[in-house]
Amino acid sequence: QVQLQESGGGSVQAGGSLRLSCAASGNFDREYYNYMGWFRQAPGKKREGVVIIDRDDGATRYADSVKGRFTISLDKANLRLALQMTNLRPEDTAMYYCVIGSSWLGFWSGDDVDYWGQGTQVTVSS
């Protein structure tokens with residue numbers, strides 16, 4: 001069982017920055033879960049992948065809407081994930097979820113996400 005605890009959400013004005021953090025804990029095989037990332041869901045909208053990372057080689061995939069503004073980082077040894085968000089826009093307003101999984105194939109769609117965090121709210125005002 002994996003627990004994911006997010007922190008760092010809040011309210012900012014457009015153009016501002018926030019840093020989200022996620023810590024993975026629990027009694028599990030850390031070598032089995034190679035993929036971590038962030039998803040988000042805004043009210044009335046579908047859940048979407050924001051950025052995912054391969055823990056082994058550091059490969060990443062970003063949503064087009066956040067490229068150049070968001071940066072993911074991972075402490076591999078401790079399975080601590082961070083998301084630096086800059087130049088935030090009102091359309092970034094959403095609940096942000098930390099995720100972890102063992103398969104890259106369906107990870108971006110969410111189908112192969114094994115565990116989800118509780119989420120942290122990000123609100124960007126214009």
Looking at residues at least two apart in the chain, or sitting in another chain, which of them share a side-chain contact (heavy atoms from CB on, under 4.5 Å) with Val12?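 Testing Val12 for side-chain contact (heavy atoms from CB on, under 4.5 Å), a comparison that skips the adjacent residues, returns Leu18, Leu88, Val124.
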Output every pair passing disulfide bond (SG atoms under 2.5 Å apart) with a member in [range], not counting sequence neighbours, ordered by first then second residue.
range: residues 48-79; answer: none
range: residues 54-88; answer: none
range: residues 21-126; answer: Cys22-Cys98

Is the distance from the ring center of Trp38 to that of Phe70 below 6.0 Å?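 No: the rings miss the under 6.0 Å criterion.
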Quick check, are the ring centers of Trp104 and Tyr35 under 6.0 angstrom apart? yes
Taking atom CG of Asn27 as the centre, report whether more than 12 heavy atoms of other residues, nucleotides or ligands fall under 6.0 Å from it.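 Incorrect, the count does not exceed 12.
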Counting only heavy atoms not in Gln3, do more than 12 fall under 6.0 Å of its CD?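 Result for CD/Gln3: enclosed.
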Minimal non-hydrogen separation, [X] against [Y], with atom names:
X: Ala24; Y: Met36; answer: CB-CE, 4.5 Å
X: Met95; Y: Gln121; answer: SD-N, 3.5 Å
X: Pro90; Y: Ser125; answer: CG-C, 4.4 Å
X: Gly49; Y: Ala63; answer: O-CB, 3.5 Å

For [X], what residues pass the side chain to side chain donor-acceptor pair (under 3.5 Å) criterion, not counting sequence neighbours?
X: Asp64; value: Lys67
X: Asp112; value: Ser103
X: Arg89; value: none
X: Ser7; value: none

Enter the distance from Leu20:CG to Tyr96:OH here, rounded to the nearest 0.5 Å.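 Spacing of CG (Leu20) from OH (Tyr96) equals 7.5 Å.
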Give, for atom CD1 of Ile53 and atom CG of Asn34, the distance between the pair rounded to the nearest 0.5 Å.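 Between Ile53 CD1 and Asn34 CG, I get 11.5 Å after rounding to 0.5 Å.
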Can you find a pair of side-chain heavy atoms, one from [X] and one from [Y], that are under 4.5 Å apart?
X: Val2; Y: Asp114; result: no
X: Arg61; Y: Asp54; result: no
X: Glu48; Y: Arg40; result: yes
X: Val51; Y: Leu83; result: yes
X: Val50; Y: Met85; result: no
X: Ile52; Y: Phe39; result: yes

Under 4.5 Å between side-chain heavy atoms, hopping through other hydrophobics if needed: is there a path connecting Trp116 to Tyr32?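 Different hydrophobic clusters.
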Check the pair Val113 / Ile100 against side-chain contact (heavy atoms from CB on, under 4.5 Å), numbers first and verdict last. CA-CA 6 Å; Val113 169; Ile100 194 169; over 6 Å; no
Listed by chain and number, what are the ring-ring contact (aromatic ring centres under 6.0 Å, His included) partners of [X], not counting sequence neighbours?
X: Phe28; result: Tyr33
X: Tyr97; result: none
X: Trp108; result: none

Glu6 side chain vs Gln118 backbone, donor-acceptor pair below 3.5 Å: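 Side chain of Glu6 to backbone of Gln118: a pair is present.
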Would the distance check show the side chain of Thr93 and the main-chain N or O of Thr123 forming a donor-acceptor pair, the cut-off being under 3.5 Å? no
Determine which pairs satisfy side-chain hydrogen bond (donor to acceptor under 3.5 Å, both in side chains) with at least one residue from residues 68-86, sequence neighbours left out, and list them in order. Arg19-Gln84, Arg69-Asp92, Asp75-Asn78
